[in-house]
J.: 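My questions will all concern the structure given below.
These numbers come from a predicted model, not from an experiment. All values below were derived from every heavy atom in this structure, side-chain atoms included, with hydrogens, water molecules and symmetry-related copies excluded. So you know, we letter chains A, B, ... as the sequences are listed, proteins then strands, and number each from 1.
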Number of protein chains: 2
Amino acid sequence: LFAFAGGWTGEWKVIRSRPVSGEALPPVDRLAVLSGDARIDARWILRGVTSYERYVTFDEKRELAAKQPALGRPESTCAALIPIRKSSEWWQLAADARRAVLEDSSHHIRTGMRYLPAIARKLYHCRDLGEPFDFLTWFEYAPADRNAFEELVDMLRGTEEWQYVEREVDLRLVKED
Amino acid sequence: LFAFAGGWTGEWKVIRSRPVSGEALPPVDRLAVLSGDARIDARWILRGVTSYERYVTFDEKRELAAKQPALGRPESTCAALIPIRKSSEWWQLAADARRAVLEDSSHHIRTGMRYLPAIARKLYHCRDLGEPFDFLTWFEYAPADRNAFEELVDMLRGTEEWQYVEREVDLRLVKED
C-alpha cells in the first residue's frame, strides 16, 4: 500500500496540477510519496497498491523486465502523477474486450515500451480500495526527456482506450530536497 | 465491500469448517454476511469486494449472464464459503499465462458453467485489500444439489490451477433464521 499525500511537505514540488477530464484535485504545493499506512497532515491523500499485471502477456512482461528502469534514478528530477478513473462501461467489458481496446487498438503497452528506459513508470491500483480513482500512474524522467514525456501522454490521450477515461488529473513535479 | 463475519450470530449455521490447504480458520457457530463497513462482534471477519471480471471473455460473460441465478433463492438453503490464497508464483505469471492455466488447462469457467443454474456462485476479491486470502467464493444451492456441489469442488481441486493454491478453507453452511 502506497500513499501520495498532497499538501505542504514532501520531496516533490508541484509545478502544475491540471484536470484533464472531470473534477480537479485541490491545489497543493508539495507531494510526499509514502509507503504503508503512514499518517501525515495533508490536503488530500490518494492510496493505491502495487498489484499483479492485469493485461501484460508473457512476452511483454519479459520485454518490460529487460527495459524497465528502477525508480529513484538521481538524474530523474522530473515526475508526473496521473490519477485516472474509467467509466462503468469500461469495467463492464469482458477481459478480452478490455485487452483488445487497451493494446490491439490503443497500443498502450507498446507505446509505453518505446519510451523506456527514459520514462520510468509505476502503476498503482485503487479501484477495489473504494478510492476516488481507479489507477495512479507515477512517471519519473530527466529534464532532457520532458518533450518525450509530453509526446507519450498526448499519444495515449488520443487512443480509443482514453474514451473510457471519465476523470483524469495531471500533476507535474520536480524533485526538491 | 462485503464482510463475512464468523462468530455467534448470522442467518447461516456453520455445519463444517475444514482447512483444505494451509492454516484453518478458528471454529465458529454461525456466519453473517454483511455489506459495507458494518461493525459486528465476531471471531473473525473476512472482507472482499465484488469487482470486474479478470479472465472471463465476451462469449463466456454472455453465457454466464444467461445462466447465472441470483443469490437468495428460497430453496437454496445450503451454502459454502471457500476462502483461497494463491502462491506468489501464480501472481507473478503474466496475464495470458494465468488465463491459460485457469481455463485452457483447468476449465475453471467451463466447469462452473456446467453446474448452473443449480449452484449459484459469487466471487469476492480481497488480494489488493491486504486480507489473509486472495478470494472468497460463495456458493448457494438446494439440498438436492449437495452431491453436484461436491463433484464441482472435487473437480476444481484436481486441476493445474489448484497447484497454485497455498491456503484454502472450506466452510459449509445451512440457512437457519
J.: Does B:Asp128 offer a backbone N or O that forms a donor-acceptor pair with the side chain of A:Asp128 under 3.5 Å?
T.: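 Not confirmed, A:Asp128 side chain does not pair with B:Asp128 backbone.
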J.: Under 4.5 Å from any heavy atom of chain B, what part of A:Arg62 do you find: side chain, backbone, both or neither?
T.: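 Contact with chain B is absent: no heavy atom of A:Arg62 under 4.5 Å.
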J.: Is there a continuous path of hydrophobic side-chain contacts, each under 4.5 Å between heavy atoms, that joins B:Phe149 to B:Val174?
T.: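 As far as the 4.5 Å side-chain criterion goes, B:Val174 and B:Phe149 are not connected within one cluster.
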J.: Sort B:Val49 into side chain, backbone, both or neither according to what part of it lies under 4.5 angstrom from a heavy atom of chain A.
T.: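 For B:Val49, the contact with chain A is made by the side chain alone.
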J.: Does any N or O in the side chain of B:Lys61 come within less than 3.5 Å of the main-chain N or O of A:Gln92, such that one atom is a donor and the other an acceptor?
T.: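 Indeed, once roles are kept as given, a pair shorter than 3.5 Å links the two residues.
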J.: When hydrophobic residues are tied together by side-chain contacts of less than 4.5 Å, even through go-betweens, does A:Leu136 share a cluster with A:Leu1?
T.: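 Each belongs to a different hydrophobic cluster.
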J.: So if you build clusters from Ile, Leu, Val, Met, Phe, Trp, Tyr with side-chain heavy-atom gaps below 4.5 Å, do B:Phe2 and B:Leu173 land together?
T.: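 Yes, it is one cluster - the side chains of B:Phe2 and B:Leu173 are joined through contacts under 4.5 Å.
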J.: For chain B, which residues from residues 65-91 of chain A lie under 4.5 Å away (heavy-atom distances)?
T.: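 Listed by number, the contacting residues are A:Trp91.
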J.: Which one of A:Gly130, A:Ala97, A:Ser51 has the most heavy-atom pairs closer than 4.5 Å to chain B?
T.: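 Sorted descending by pairs with chain B, the first entry is A:Ser51.
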J.: Look at atom CZ of B:Arg39 and say whether more than 12 heavy atoms of other residues, nucleotides or ligands are closer to it than 6.0 Å.
T.: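 Not more than 12 within 6.0 Å, no.
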J.: At what distance, to the nearest 0.5 angstrom, does CG of A:Leu93 lie from CD of B:Glu53?
T.: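 So the gap between those two atoms works out to 11.5 Å.
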J.: Are there over 12 heavy-atom neighbours, none belonging to A:Asn147, within less than 6.0 Å of that residue's CG?
T.: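 Open.
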J.: Would B:Val20 and B:Leu152 show up in the same hydrophobic cluster when neighbours are defined by side-chain heavy atoms closer than 4.5 Å?
T.: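 They do not share one cluster, since no chain of ILVMFWY contacts under 4.5 Å joins B:Val20 to B:Leu152.
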J.: Please classify the contact of B:Arg98 with chain A as side chain, backbone, both or neither, using a heavy-atom distance under 4.5 Å.
T.: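 Contact with chain A: side chain only.
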J.: With rounding to the nearest 0.5 angstrom, report the OH to CZ distance, B:Tyr55 to A:Arg54.
T.: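 CZ of A:Arg54 is found 8.5 Å from OH of B:Tyr55.
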J.: Applying the 4.5 Å side-chain criterion to the ILVMFWY set and letting contacts propagate, would A:Val165 and A:Val153 be lumped into a single cluster?
T.: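 Per the 4.5 Å side-chain linkage, A:Val165 and A:Val153 are co-clustered.
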J.: Counting only heavy atoms not in A:Asp104, do more than 12 sit closer than 6.0 Å to its CG atom?
T.: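 More than 12 heavy atoms, drawn from other residues, nucleotides or ligands, come within 6.0 Å of this atom.
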